[in-house]
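Just below is one structure, and these are the notes that go with it.
Order of the sequence lines sets the chain letters (A, B, ...), proteins ahead of strands, with each chain counted from 1.
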Amino acid sequence: MDITAIKDSKQDSRILPLSFYVRNDVVQISRELLGKFLVTHINGKITAGMIVETEAYRASDDKACHAYNMRRTARTEVMFAEGGQAYIYLCYGIHHLFNVVTGPKNNAQAVLIRAVEAIDNLPLMMQRRGREKAGPQLTAGPGVLSKALGITTSLSGSSLLSSTGNIWIEDRDIHFQPKEIISSPRVGIDYAEECKDWPWRFRVKHSKWTSKSK
DNA sequence: CACGGGATCGTCT
DNA sequence: GACGATCCCGTGT
C-alpha cells in the first residue's frame, strides 16, 4: 500500500456514509450537517469548507420545497432518489445552489447548504471568487460558496459517498451543542404561505461565516 | 448601515 | 412570458 492509498483510505473513513443520509428526518439531518466539511475535488484540486448554515426542505408538506405536491420534473427528479446525492440548481440565472438529498427513495427531501467557513485551499477559493482577501465574503451565502468550491449544476445527481467522485462530505470530529445552534425561519420563501415561518434554518451561533438574514 | 436595482437564464405555466 | 431557496454595487445617511 503506497502513501496515496493510505491517505485515501483515511479520507474515506471520515466520509459520511449512506446511513447518515437515508434517515427520514431532513430537519434533524440539517442540524447534524453543521460542523461537517463539504469537500470538492475538481480538475485535480481539493477545496473544503466547514458547514455553518443549512436549511431543510421536504416535499410532503412544505410549500417552499421545489418538489412540493409531488412536483416531479427533470430538475427535481434527483430529490426523489435515495439520500446521499447532490441536488444543484440555478437560481436567478446566476447562482448555483447546492443541496444534499436525504431520506429514502421517493421521499423527496433536501438540505440547502447556505454557508461554509473556508478551510482548505484558500488561494484557489479566492481566485474562483475574484477576491484578494480571505474572509466571510468568500463563502458566506449559498451562491458564493458554490463559486468558491467550484460547484456547478453539472454536478447535480453526483453521489456524495466516495472520494473518487467530485464532491463529498466529511466528519472531522467537530460537534456543536444544541445551545450553539440558532434556528430561525428560512430565507427568501415568503411565497410559501403557512410554511414560511417554520424554523428550519440552522446556524452556528458564534460563526462569522453565516449568510446575512433579512 | 439600509435600501434599491440590475444581472441573467433555466424552468414551469 | 414571468419569475426565482441570490449577490454585488451604488447611493444616501
Side-chain angles (χ1 to χ4, degrees), chain A residues 26-27 29-31 33-34 38 49 51-81 83 85-103 107-118 125-158 160 167 169 182-204 207-214:
Chain A
V26 69
V27 176
I29 293 172
S30 290
R31 289 178 159 276
L33 280 170
L34 297 176
L38 178 57
I51 297 168
V52 295
E53 179 174 346
T54 62
E55 282 178 0
Y57 291 86
R58 72 178 176 214
S60 60
D61 58 347
D62 174 14
K63 292 181 179 176
C65 182
H66 289 162
Y68 174 69
N69 213 10
M70 289 301 119
R71 252 192 12 230
R72 198 163 180 155
T73 66
R75 181 178 66 150
T76 62
E77 183 62 29
V78 66
M79 265 204 276
F80 291 84
Q85 304 186 49
Y87 167 50
I88 303 160
Y89 72 95
L90 189 65
C91 187
Y92 293 99
I94 304 172
H95 305 291
H96 300 251
L97 301 208
F98 172 76
N99 300 251
V100 177
V101 175
T102 68
N107 199 332
Q109 309 172 346
V111 179
L112 172 66
I113 307 301
R114 288 195 55 88
V116 305
E117 176 174 343
M125 288 194 250
M126 289 159 63
Q127 182 185 323
R128 284 174 176 154
R129 291 278 288 113
R131 302 247 153 190
E132 308 224 324
K133 291 169 67 175
Q137 81 282 357
L138 220 49
T139 54
V144 296
L145 78 86
S146 287
K147 189 162 185 191
L149 294 172
I151 295 170
T152 66
T153 54
S154 66
L155 291 175
S156 195
S158 296
L160 302 174
I167 185 164
I169 300 176
I182 300 172
S183 63
S184 60
R186 296 168 291 177
V187 175
I189 54 149
D190 285 347
Y191 58 85
E193 301 177 2
E194 76 275 11
C195 311
K196 75 182 179 63
D197 294 320
W198 292 357
W200 285 7
R201 178 191 190 195
F202 301 99
R203 282 177 281 168
V204 175
S207 177
K208 294 176 177 166
W209 296 74
T210 58
S211 68
K212 296 200 172 115
S213 51
K214 302 181 280 189

Any donor and acceptor pair, going by atom type alone, linking the side chain of [X] with main-chain N or O of [Y] inside 3.5 Å?
| X | Y | answer |
| --- | --- | --- |
| A:Arg58 | A:Gln109 | no |
| A:Arg186 | A:Ala56 | yes |
| A:Asn69 | A:Arg71 | no |
| A:Ser30 | A:Val111 | no |
| A:Trp198 | A:Glu194 | yes |

Check: Between residues 128-140 of chain A and DNA chain C, which residues have a heavy-atom gap below 4.0 Å?
Finding: A:Arg129, A:Arg131
Margin query: Nearest 0.5 angstrom please: A:Arg131 CZ to A:Leu138 CG, how far?
Written below: 8.5 Å
Margin query: To the closest 0.5 Å, what do you measure between NE2 (A:His96) and OG (A:Ser156)?
Written below: 11.5 Å
Note to self: Given B:dA7, C:dT6, C:dA5, identify the nucleotide with an atom nearest to the side chain of A:Val187.
What the structure shows: C:dT6
Next item on the list: Answer with base, sugar-phosphate or nothing: what part of the nucleic acid does A:Leu97 contact at a heavy-atom distance below 4.0 Å?
Entry: sugar-phosphate
Notebook entry, point to check: NA contact type, A:Leu90, heavy-atom cut-off 4.0 Å: base, sugar-phosphate, or nothing?
Noted result: sugar-phosphate
Next item on the list: Taking the side chain as every heavy atom from C-beta outward, state whether A:Phe98 and A:Ile167 have any atom pair closer than 4.5 Å.
Entry: yes
Measuring to OP1 and OP2 of [N], would you say a side-chain N or O of [X] lies under 4.0 angstrom away?
| X | N | answer |
| --- | --- | --- |
| A:Arg201 | C:dA5 | no |
| A:Tyr191 | C:dA5 | yes |
| A:Thr73 | B:dC12 | yes |

Value in whole Å for how far the [atom2] atom of [N] lies from [atom1] of [X]:
| X | N | atom1 | atom2 | value |
| --- | --- | --- | --- | --- |
| A:His95 | B:dA7 | NE2 | P | 13 Å |
| A:Asp190 | C:dT6 | CG | C1' | 14 Å |
| A:Arg75 | C:dG4 | CZ | P | 12 Å |
| A:Arg186 | C:dT6 | CZ | C1' | 17 Å |
| A:Tyr92 | C:dC7 | OH | P | 10 Å |
| A:His66 | C:dC3 | NE2 | C1' | 11 Å |
| A:Glu53 | C:dC7 | CD | C1' | 14 Å |
| A:His96 | C:dA5 | NE2 | C1' | 15 Å |

Notebook entry, point to check: If you measure from the C1' atom in B:dG5 to the same atom in C:dC3, how many Å do you get, rounded?
Noted result: 16 Å
Notebook entry, point to check: With a 6.0 Å cut-off on ring centres, are A:Tyr57 and A:His66 close enough?
Noted result: no
Notebook entry, point to check: In which stems does DNA chain B show up, taking only runs of three or more Watson-Crick or G-U wobble pairs whose two distances fall under 3.5 Å?
Noted result: B:1-7 with C:6-12, B:9-12 with C:1-4
Note to self: Between A:Lys63 and A:Glu193, does any side-chain N to carboxylate O distance fall below 4.0 Å?
What the structure shows: yes
Item checked: Face-to-face stacking of A:Tyr57 with C:dA5, centres under 5.5 angstrom, angle under 30° -> yes
